[in-house]
Amino acid sequence: MNADSRTRLNQTPEWTALAKHREELGEVRLRELFAAEPGRGSGYTLEVGDLYVDYSKHLVTDETLRLLRELAAARDVFGLRDAMFRGEKINTTENRAVLHTALRAPRDAVVEVDGENVVPKVHAVLDKMSAFSDRVRSGEWTGHTGKRIKNVVNIGIGGSDLGPAMAYEALRAYTDRGLTVRFVSNVDGADLHEAVRDLDAAETLFVIASKTFTTIETITNATSARGWLLDELKAGQEAVAKHFVALSTNAEKVEEFGIDTANMFEFWDWVGGRYSYDSAIGLSLMIAIGPDRFREMLDGFHTVDEHFRTAPAESNVPLLLGLLGIWYDNFHDAQSHAVLPYAHYLSRFTAYLQQLDMESNGKSVDRDGKEVDWQTGPVVWGTPGTNGQHAYYQLIHQGTKLIPADFVGFARPVDELSGDLKAQHDLLMANFFAQTQALAFGKTPDEVRAEGVPEELVAHKTFKGNHPTTTILGGQLTPSVLGQLVALYEHKVFVQGAVWNIDSFDQWGVELGKVLAKRVEPALTEGAEVPGLDESTKTLVAKYRELRGH
Ligand code: F6P
C-alpha cells in the first residue's frame with residue numbers, strides 16, 4: 001500500500017471500533033474474566049518453537065483480540081511483513097532493505113536484494129567466522145609472540161555491543177570456560193581500563209565491531225586498545241594483524257584503521273545495527289560458544305521467522321504480542337512495558353531489548369513525515385525478576401501506573417547446575433508463577449480482613465490486581481531458545497511499527513547528540529569558543545573546565 005494513500009491510523013474504522021470497545025469494557029477485571037471463562041488459562045495460550053506463551057492474564061476478551069487483528073489487517077501488517085522477507089526497501093528513509101531474516105536463512109534459501117541472492121554471501125561469512133573461531137578456540141591462531149589467545153575483547157556500542165554481550169551472558173553455560181570474553185562500549189576510559197587491566201596483551205584478541213566503522217566511541221576505544229597492545233608488547237604496527245579483527249560493512253575505514261581486510265568479517269547495509277548480532281557482529285559470541293552452538297541459535301531465529309511468516313493471524317505469536325502492546329499503549333495510556341526474565345543468564349536481555357524496541361519504535365513522525373497523534377513505542381525496562389521483586393515490584397503491584405509485563409522463564413535450569421543449585425530452580429519458578437498470579441488477581445479487602453488484619457491496615461494490604469502479564473515459558477535456555485526469544489521480540493517490534501506506520505528501521509534521533517558532542521569537545525579540551533552554545537551549556541562547560549583543572 002502506498003503510505004501516502006493511507007488513512008491516518010486513528011481515523012480508521014478499526015481504531016474507532018477499538019476505542020469504542022475499550023469504553024464498553026470499562027474497568028474489566030481479570031477475576032471476572034476468569035470466572036466467566038473456565039478454560040481461559042489453557043485456552044489463551046499459543047506455542048511457537050519451544051516457547052509456550054500464556055496471554056490469559058490480559059485485559060482482553062475474544063472480541064478485543066478480534067478487533068486488534070482487524071486493525072492489523074487494515075494496516076496490512078502481513079503485507080509489509082512479506083515485503084520485508086522479500087527484500088523490498090521498507091526502510092524508506094534510508095532506502096534500504098531490512099533483511100535480518102536472511103542472516104538465519106538456510107543455505108539453499110533464495111533472498112534477493114536488487115536482483116542478487118544474498119544467502120550465499122551470508123553463508124560465506126558464517127563459514128569464514130566458523131573457521132576463524134575454530135582456530136582461536138583450538139589455539140591454532142596465536143598472537144604476535146606466538147602465545148595462544150585466551151582473552152577476547154569486543155569493542156563496539158549499541159547494536160555492535162548489546163546483542164553479543166547479552167547473548168554471551170545468556171549462553172555462558174555453553175561457553176569455553178578457558179576463554180575470558182569481555183565487552184567494551186563506553187567511551188569513558190574506565191570501561192577499557194577495567195576490561196584489559198588484568199589481561200596479558202600477548203594472549204588478547206580485540207574484535208572491533210562497528211557497522212559504519214566511524215562511530216566515535218568505538219574508534220576511540222579501538223585506537224586506545226591498539227596503543228595499549230603495542231605498549232604492552234613493545235611491538236610495532238606489525239603486531240596488530242594477529243590481535244585485531246574487524247566486523248563491519250565498511251572495508252575502506254577498516255583498512256584505514258590498520259586492520260588487514262583479510263581479518264574483516266563483513267555484513268551489509270540491509271542489516272540494521274540492532275538486528276545484527278546474528279551476523280558477523282556475533283563473532284565474539286561464536287568464539288565463546290563455538291560455531292555449532294551459534295548455528296543452533298540461528299536455527300532458533302529461523303524457526304520463529306518461519307512462524308511469523310506463515311502462521312495465521314489467530315495463532316501468530318509476534319502478531320499477538322505486538323497487538324497486546326498496542327492495546328495498552330494506545331487504548332490504556334500505558335507508558336512503559338516491563339520485561340522480567342526469571343533467569344540469571346538473561347541479565348542483559350532487557351537492556352538489549354531497550355535498543356531493539358526503543359530505537360526502532362521511538363518515533364513521532366509517520367512514514368510520510370507527518371506528526372503522529374497516537375502513542376508509539378513504550379519505555380522498555382526490567383531486570384531479572386526475583387531481584388526486581390525486592391526493588392521495584394512494589395510500584396507494579398500497588399502504584400498508580402499500569403505496567404504490562406512479560407515474564408520469561410524456563411522449566412529446567414542449564415545442565416551445568418547440579419545438587420542444591422539445581423534444586424533452587426523450583427523456588428525461582430515458584431516466584432515466577434506467584435508473581436503473575438498476584439499481579440492478575442491481587443487480594444481483596446475482604447480477603448485481607450479474613451486474615452485478621454486490623455481495619456486500619458486493610459487498605460495498605462489490599463492488592464487491586466488486574467496488572468496484565470504475558471508468561472513466556474521455555475523448556476531450557478539453550479542457544480536455539482535464545483534465538484527464538486530474540487526473533488519473537490524483533491517481530492513484535494515490527495508489528496507495532498507497521499500498525500503505527502512508522503519506519504522502525506532508521507534512528508535519526510541519535511544524530512543530533514553525536515553532532516553536538518563533536519562540536520562541544522574543543523570547548524572542553526582547549527577552551528575554544530564554540531558558536532551556538534546556549535547559556536546553560538556554556539556555564540556548565542566553564543564550570544567543568546574549572547573543576548577539571550584545565
Ligand atoms: O546509536 C546509534 C547507532 O547507529 C546504533 O543504531 C548502532 O547500533 C550503533 O550506533 C553503533 O553503530 P556502529 O555499529 O556503526 O558502530
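These numbers come from a predicted model, not from an experiment. Counting begins at 1 with the first residue of the sequence. Heavy-atom basis, side chains included; hydrogens, waters and symmetry copies ignored.
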| field | Atom pair CG/OH of L346 and Y352 - distance to nearest 0.5 Å | value | 12.5 Å
| said: The criterion is salt bridge (charged side-chain N to carboxylate O under 4.0 Å, His left out); which residues satisfy it with D305, sequence neighbours excluded? | reply: R104
| Can you check whether Q476 reaches D415 side chain to side chain, under 4.5 Å on heavy atoms? | yes
| Checking H302 side chain against P106 main chain: does a donor-acceptor pair fall under 3.5 Å? | no
| field | Interatomic distance, D426 atom CG to Q424 atom CD [nearest 0.5 angstrom] | value | 10.5 Å
| query | Any idea how H397 and F463 line up, ring-wise: parallel (<30°), tilted (30 to 60°), or perpendicular (>60°)? | reply | perpendicular
| Without hydrogens or angle criteria, can the side chains of W381 and T350 be said to hold a donor-acceptor pair below 3.5 Å? | no
| said: Checking the side chain of D368 only, and the main-chain atoms of K370 only, is there a donor and an acceptor separated by less than 3.5 Å? | reply: no
| remark: CD (Q507) and CG (D503) are apart, to the nearest 0.5 Å, by 9.0 Å
| field | Check: L30 main-chain N/O paired with N466 side-chain donor or acceptor under 3.5 Å | value | yes
| message | Are L71 and I326 packed together at the side-chain level, in the sense that at least one heavy-atom pair is separated by less than 4.5 angstrom? | response | yes
| request: Look at atom NZ of K121 and say whether more than 12 heavy atoms of other residues, nucleotides or ligands are closer to it than 6.0 Å. | output: yes
| Test of ring centre spacing under 6.0 Å for Y277 and F301 | yes
| Ignoring hydrogens and geometry, is there a side-chain-to-backbone donor-acceptor pair from D333 to D329 under 3.5 Å? | no
| Say you draw a straight line from OG1 of T386 to CG of N431; how long is it, rounded to the nearest 0.5 Å? | 6.5 Å
| message | Tell me whether Q11 at atom CD has more than 12 heavy atoms from other residues, nucleotides or ligands lying less than 6.0 Å away. | response | yes
| Relative to each other, are the rings of W270 and W268 parallel, tilted or perpendicular (30° and 60° limits)? | parallel
Scan the side chains in residues 481-489 for donor-acceptor partners under 3.5 Å anywhere in the protein, sequence neighbours excluded, and list what turns up.
unit_1	atom_1	unit_2	atom_2	d
Q484	OE1	D50	N	2.8
Q484	NE2	D50	OD2	2.9
Q484	NE2	S480	OG	3.0
Y489	OH	D406	OD2	2.7

| message | Check whether S276 reaches the backbone of I281 with its side chain - one donor and one acceptor, N or O, closer than 3.5 Å. | response | no
| message | Could you check whether any side-chain heavy atom of W500 comes within less than 4.5 Å of a side-chain heavy atom of V372, counting everything from C-beta outward? | response | no
| said: Suppose we call two aromatic rings close when their centres sit under 6.0 Å apart. Are H21 and F331 close by that rule? | reply: no
| Does T12 reach the side chain of N10, with side-chain heavy atoms less than 4.5 Å apart? | no
| said: Any heavy-atom pair between the side chains of L473 and L51 that's under 4.5 Å? | reply: no
| Parallel, tilted or perpendicular: ring planes of Y275 versus H100, cut at 30 and 60 degrees | parallel
| query | Does E511 CD have over 12 foreign heavy atoms under 6.0 Å away? | reply | yes
| said: Nearest 0.5 angstrom please: R309 CZ to H491 NE2, how far? | reply: 10.5 Å
| said: Check the orientation of F407 and Y342. Use parallel for under 30°, tilted for 30 to 60°, and perpendicular for over 60°. | reply: parallel
| query | For residues Y328 and H337, is any side-chain donor paired with an opposing acceptor at under 3.5 Å? | reply | no
| message | If we count only N and O atoms by modelled type, under 3.5 Å, do the side chains of S284 and N154 hold a donor and an acceptor together? | response | yes
| field | Donor-acceptor side-chain pairing of S504 and N361 below 3.5 angstrom | value | yes
| Is the side chain of E112 donor-acceptor paired with the backbone N or O of R86 at a distance under 3.5 Å, no angle test? | no
| Are E217 and S185 close enough, and set up right, to give a side chain to side chain contact (heavy atoms under 4.5 Å, CB included), and what steps lead you there? | CA-CA 7 Å; E217 292 89 340; S185 54; over 6 Å; no
| Given L126, L103, L285, T101, the one that forms side chain to side chain contact (heavy atoms under 4.5 Å, CB included) with D278 | L103
| query | Near H344 NE2, under 6.0 Å, is it more than 12 heavy atoms from other residues, nucleotides or ligands? | reply | no
| query | Sub-3.5 Å donor-acceptor pair from the side chain of N316 to the main-chain atoms of F308, do we have one? | reply | yes
| message | Quick check for you: to the nearest 0.5 Å, what is the distance between I403 atom CD1 and Y392 atom OH? | response | 10.0 Å
| request: Sequence neighbours left out, what pairs pass side-chain hydrogen bond (donor to acceptor under 3.5 Å, both in side chains) with at least one residue falling in residues 163-175? | output: E169-R172
| query | With R96, which of I90, D506, D269, V271 fulfils side chain to side chain contact (heavy atoms under 4.5 Å, CB included)? | reply | D269
| said: Regarding D191 and R182, does a basic nitrogen lie under 4.0 Å from an acidic carboxylate oxygen? | reply: no
